[in-house]
Amino acid sequence: MTANSAVVRPVAPGDLETVGAIYAHYVRHTVVTFDENAPATADWQRRLDELSARGLPFLAVESCGDVVGYAYAAPWRAKPAYRHTVESSIYLAPDRTGRGLGGVLLRDLLEACTAARVRQVIAVIADAGTGASVALHRRHGFTDAGRLAAVGAKHGRWIDTLLMQRTLVPRPTGLPVPPR
């Protein structure tokens, strides 16, 4: 499957077992997530319910009817002042990387975030040494916002996180322009 034949759609409850299996691979075998235990399908259902209630996107990409990746935007922080800022997450089945699917998902996620009146999207990228996620985000207009050194420990090593940011709406209606 290539990006040209990809179908992106909202995640449905029937997709959550596959979503969980995709994520479980990264939990068990990589440092790109700091989770050490994979969430159960019920946890994914709660996430879908919470994001839906907030009007935030949770998308799947499929090929021939099979879910091969997903992306969602979740609240960046719980405090009310952060309500216009989200954190993006994108995961592909390990045998579906390098085909442009991450770009398709990120593009559609950003469009859905814009429709949801999100102002800022933050990507928190574990520095796993490959640079693929950083390059993907840069291609979609994210800029570097900082590095947190050795904030995660997994699989016997310390891991940095890179923060990247994309502004979707320059000045939200009804809010003052922030001071420079």
Side-chain angles (χ1 to χ4, degrees), residues 1-3 5-78 85-113 115-116 118 121-130 132-137 140 142 151-157 159-164:
M1 179 179 88
T2 64
S5 62
V7 175
V8 178
R9 59 169 176 74
V11 163
D15 301 326
L16 296 176
E17 189 172 321
T18 302
V19 164
I22 291 169
Y23 188 68
H25 165 81
Y26 292 96
V27 170
R28 286 192 294 272
H29 302 291
T30 76
V31 297
V32 299
T33 175
F34 288 176
D35 277 332
E36 294 179 341
N37 297 299
T41 302
D43 298 317
W44 287 105
Q45 182 64 58
R46 277 189 289 282
R47 179 166 295 163
L48 175 58
D49 293 344
E50 289 169 7
L51 295 177
S52 295
R54 293 176 180 269
L56 294 174
F58 193 162
L59 305 175
V61 62
E62 64 177 40
S63 170
C64 301
D66 294 327
V67 172
V68 297
Y70 67 91
Y72 63 85
W76 166 242
R77 295 285 185 258
T85 302
V86 298
E87 179 179 346
S88 62
S89 292
I90 300 172
Y91 289 90
L92 297 173
D95 63 340
R96 301 302 177 115
T97 61
R99 301 177 188 190
L101 298 173
V104 170
L105 271 171
L106 185 53
R107 178 199 68 209
D108 287 11
L109 184 70
L110 293 171
E111 288 174 4
C113 285
V118 168
V121 181
I122 307 296
V124 180
I125 302 169
D127 189 1
T130 66
S133 187
V134 172
L136 168 69
H137 285 83
H140 287 271
F142 283 75
V151 293
K154 188 173 177 186
H155 297 314
R157 65 186 256 213
I159 303 127
D160 296 357
T161 58
L162 307 172
L163 301 176
M164 298 186 80

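Throughout, numbering of the chain's residues begins at 1 and tracks the sequence.
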Looking at every non-hydrogen atom in both residues, tell me the closest pair between [X] and [Y] and how far apart they are.
X: Ala38; Y: Val27; value: N-CG1, 3.7 Å
X: Leu56; Y: Pro75; value: CD1-CD, 3.9 Å
X: Ala73; Y: Leu51; value: O-CD2, 3.2 Å
X: Leu92; Y: Gly102; value: CD1-N, 3.7 Å
X: Ala6; Y: Val61; value: CB-CG2, 3.6 Å
X: Thr30; Y: Tyr26; value: OG1-O, 2.7 Å

Hey, does [Y] have a side-chain heavy atom less than 4.5 Å from the side chain of [X]?
X: Val124; Y: Ser89; value: no
X: Thr161; Y: Ile125; value: no
X: Val121; Y: Leu109; value: no
X: Val11; Y: Val67; value: no
X: Lys154; Y: Thr33; value: yes

Count the heavy atoms of every other residue, nucleotide or ligand shown that sit under 6.0 Å from [atom1] of [X], and state whether that count exceeds 12.
X: Glu111; atom1: CD; answer: yes
X: Asp95; atom1: CG; answer: yes
X: Arg9; atom1: CZ; answer: yes

So, taking the atom named [atom1] in [X] and the one named [atom2] in [Y], what distance separates them when rounded to the nearest 0.5 Å?
X: Arg28; Y: Glu36; atom1: CZ; atom2: CD; result: 14.0 Å
X: Asp15; Y: Leu48; atom1: CG; atom2: CG; result: 9.0 Å
X: Ser133; Y: Leu162; atom1: OG; atom2: CG; result: 9.0 Å
X: Asn37; Y: Asp35; atom1: CG; atom2: CG; result: 8.0 Å
X: Leu106; Y: Phe142; atom1: CG; atom2: CZ; result: 5.0 Å
X: Leu101; Y: Tyr70; atom1: CG; atom2: OH; result: 14.5 Å

### Query
How are the rings of Trp44 and Phe58 set relative to one another: parallel (under 30°), tilted (30 to 60°) or perpendicular (over 60°)?
tilted
### Task
Spell out, as yes or no, whether a donor-acceptor pair under 3.5 Å connects the side chain of Tyr72 to the backbone of Ala60.
no
### Task
Identify whether the distance between the nearest side-chain nitrogen and carboxylate oxygen of Arg46 and Asp49 falls below 4.0 Å.
no
### Test: Arg96 and Asp66 ion pair at under 4.0 Å
no
### Task
Before giving the answer on side chain to side chain contact (heavy atoms under 4.5 Å, CB included), spell out for Val86 and Cys113 the whole-Å C-alpha distance, their side-chain angles and the decisive distance to 0.1 Å.
CA-CA 9 Å; Val86 298; Cys113 285; 4.1 Å; yes
